Peer 1: 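I have a structure I would like to understand better, so I am pasting it below and will then ask my questions one at a time.
Computed from a predicted model, the values in this text were never measured in an experiment.
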Protein chains: 2
Amino acid sequence: MRLVIARCSVDYAGRLSAHLPIATRLLMLKADGSLLVHSDGGSYKPLNWMSPPCTLSTVEPDAEQLDAGITEIWRVTQAKTADMLVVSIYEVLHDSAHELGIDPGLQKDGVEAHLQKLLAEQIHLLGDGHTLVRREYMTAIGPVDILARDAAGAAVAVELKRRGDIDGVEQLTRYLELMNRDPHLAPVTGVFAAQEIKPQARTLAEDRGIRCLVLDYDAMRGLDDGESRLF
Amino acid sequence: MRLVIARCSVDYAGRLSAHLPIATRLLMLKADGSLLVHSDGGSYKPLNWMSPPCTLSTVEPDAEQLDAGITEIWRVTQAKTADMLVVSIYEVLHDSAHELGIDPGLQKDGVEAHLQKLLAEQIHLLGDGHTLVRREYMTAIGPVDILARDAAGAAVAVELKRRGDIDGVEQLTRYLELMNRDPHLAPVTGVFAAQEIKPQARTLAEDRGIRCLVLDYDAMRGLDDGESRLF
DNA sequence: GTCTACATATCGATT
DNA sequence: AATCGATGTGTAGAC
């Protein structure tokens, strides 16, 4: 990895056109040839970048560019998409290279999978007398997150999301339409369960007779698991 | 901005739990206190990070951690969400600080806005005899990208996407349902236009009587505009 | 390989 | 401030 701090301007042409006026920035050159242009603030997203696979070539500035104070030009191109990034460097303030090796990668514990497991174990949260049929109940158009039965024995299809958005309601609606055509299952009611349900999504769901259930993730996972080992 | 190359392991606890085993990585500390952990490959997304506003504090390793070879511990916390990132440093290979100043920011020309403008100008792409009524035609549930009339004078609602996904079809469906209840407009037909339409989305759209239109962005914008100035 | 769903998404426009 | 839609989305899993 090569790290360069430089006063530079940047131009990108590809799926859109973008320009960065002259300023001091970090240029991060990764081992796979990709380039990231970072400022000293904002989120993890670079101001501009080029994704691998791509190739960097340095271009000699012409007389006009030299007059403008440009000492070096980097041209990064991606063969497949014809995207191109051009960095015009006015002054290099730092330049260092480092050997990092291959990264073992991130190990993560997901949220939706964990939520699904917890809700399956705590199926009473759907209401008194509910019983679990199965998780990932398969239908022709995809798996329903949880299938349960209510106290009266009627089928209940549960769609789970971390954030309950309008497309989650649409998804559950499609499942319900399909399942209600199956005489072995019908009538099937729907429950839209999420840590947080957007007002628009709630309105749409309730308008369609779908029950909304807000889940308290922290309460469900309790206080004694691996999640809290850092604190 | 402070740049540190170090052998380290990283733990994150917040909306999920994640762990990075020991390896050599770049730690980027931005002026706003945010921290990015980058490997020497992959995309522009860091392996792990903490978004601003957050605060970094260094913690003294205890005896057990010193035995394990840890020389320094960084603890980055976000006050509002209680997210926490812990970096355990085994060896520092590089450490430098740089003054970057505030970035003037990115100037970009969007894609969907540009596509919409081009399609409005080239409304014949919808079919012979089509005329533009207006862009961003307002309805109770939001603006329809383009409203036009076909050769017979019937209303045509166009939903425009760069990538035609299933939720674009759902969105257009909601607009069509609403608009077809308006006697001044009905009957309204739908056109789902995108640079690329996913098969599932196409199937759903055609099943609902919505016409699909694949747009050639390059052909629409021609070859003589600012897009090509870099080449 | 393609395609679909999810994300510690981030980001801007608009209400 | 909250919400919605787009993103040069990226990324992992299923088929």
Peer 1: Just call it for B:R162: base, sugar-phosphate, or nothing, with non-hydrogen atoms closer than 4.0 Å on any strand.
Peer 2: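 Contact class for B:R162: sugar-phosphate only.
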Peer 1: To the side chain of B:S43, which of C:dC3, D:dG5, D:dG10 is closest?
Peer 2: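 Nucleotide nearest to B:S43's side chain: D:dG10.
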Peer 1: What is the distance from CD of B:E136 to P of C:dA13, rounded to the nearest Å?
Peer 2: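 My rounded result for the distance is 13 Å.
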Peer 1: With sugar-phosphate meaning primed atoms plus P, OP1 and OP2, does A:M50 contact a base, only sugar-phosphate, or nothing at under 4.0 Å between heavy atoms?
Peer 2: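 Base contact.
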Peer 1: If you take all heavy atoms of A:F192 and A:A201, which pair is closest and at what distance?
Peer 2: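 Smallest heavy-atom distance, with atoms named: CE2-CB, 4.3 Å.
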Peer 1: Starting at the 5' end of DNA chain C, what dot-bracket string do you get if Watson-Crick and G-U pairs under 3.5 Å are bracketed, crossing pairs use [ ], other-strand pairs use | and unpaired bases use dots?
Peer 2: |||||||.|||||||
Peer 1: Please compare B:W49 and B:M138 by the position of their nearest nucleotide in DNA chain C and report the one closer to 5'.
Peer 2: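 Mapping each residue to its closest nucleotide by heavy atoms, the 5'-most match is B:W49.
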Peer 1: Within this structure, what is the CG-to-C1' distance between A:L36 and C:dT10, rounded to whole angstrom?
Peer 2: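 Computing the A:L36:CG to C:dT10:C1' distance gives 15 Å.
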Peer 1: Assess the side chains of A:D145 and A:Y137: does a donor N or O sit below 3.5 Å from an acceptor N or O?
Peer 2: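 No, A:Y137 and A:D145 have no side-chain donor paired with an acceptor closer than 3.5 Å.
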Peer 1: Is any side-chain N of the basic residue among B:K161 and B:E159 closer than 4.0 Å to the acidic one's carboxylate O?
Peer 2: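 A salt bridge is present here (some side-chain N lies under 4.0 Å from a carboxylate O).
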Peer 1: To the nearest Å, how far apart are B:D32 CG and C:dT10 C1'?
Peer 2: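 After rounding, the reported distance stands at 14 Å.
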Peer 1: Determine the minimum heavy-atom distance between B:D40 and A:M1, stating which atoms define it.
Peer 2: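 Closest heavy-atom pair between B:D40 and A:M1: OD2-N, 3.0 Å.
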Peer 1: Do A:R208 and A:T173 have a side chain donor and acceptor closer than 3.5 Å?
Peer 2: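 There is such a pair between these side chains.
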Peer 1: What is the separation between atom CD on A:Q195 and atom C1' on C:dA7, rounded to the nearest whole Å?
Peer 2: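 It works out to 13 Å between those atoms.
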Peer 1: Atom NZ of A:K161 to atom P of C:dA7: distance rounded to whole Å?
Peer 2: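 Nearest whole value for this atom pair: 8 Å.
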Peer 1: Side-chain N or O of A:K45 less than 4.0 angstrom from OP1 or OP2 on C:dC11?
Peer 2: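 Answer no for this pair, as no side-chain N or O of A:K45 is under 4.0 Å from OP1 or OP2.
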Peer 1: Indicate, with a heavy-atom threshold strictly under 4.0 Å, whether B:S51 touches base, sugar-phosphate, or nothing.
Peer 2: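 Touches sugar-phosphate only.
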Peer 1: Output the rounded distance in Å from CD1 (A:I197) to P (D:dT3).
Peer 2: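 Distance, rounded to whole Å: 13 Å.
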Peer 1: Are B:K30 and A:H38 close enough that a side-chain donor and a side-chain acceptor fall under 3.5 Å?
Peer 2: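 The answer is yes; a qualifying pair exists.
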Peer 1: Nearest heavy atom decides the nucleotide; on that basis, is B:Q171 or B:G42 closer to the 5' end of DNA chain D?
Peer 2: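 In this pair, the answer is B:Q171.
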Peer 1: Can you confirm whether the side chains of A:R162 and A:Q195 place a donor and an acceptor under 3.5 Å from each other?
Peer 2: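 Side-chain D/A pair, A:R162 to A:Q195: absent.
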Peer 1: Starting at the 5' end of DNA chain C and moving along, which residue's nearest nucleotide shows up first, A:Y44 or B:E196?
Peer 2: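 Per heavy-atom nearest nucleotide, the more 5' residue is B:E196.
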Peer 1: Provide, to the nearest angstrom, the distance between the CG atom belonging to A:L172 and the P atom belonging to C:dA5.
Peer 2: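 Distance, rounded to whole Å: 14 Å.
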Peer 1: Specify the residue among B:D145 and B:R163 whose closest nucleotide of DNA chain D lies further upstream toward the 5′ end.
Peer 2: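 First, find each residue's nearest nucleotide; the 5'-ward one identifies B:D145.
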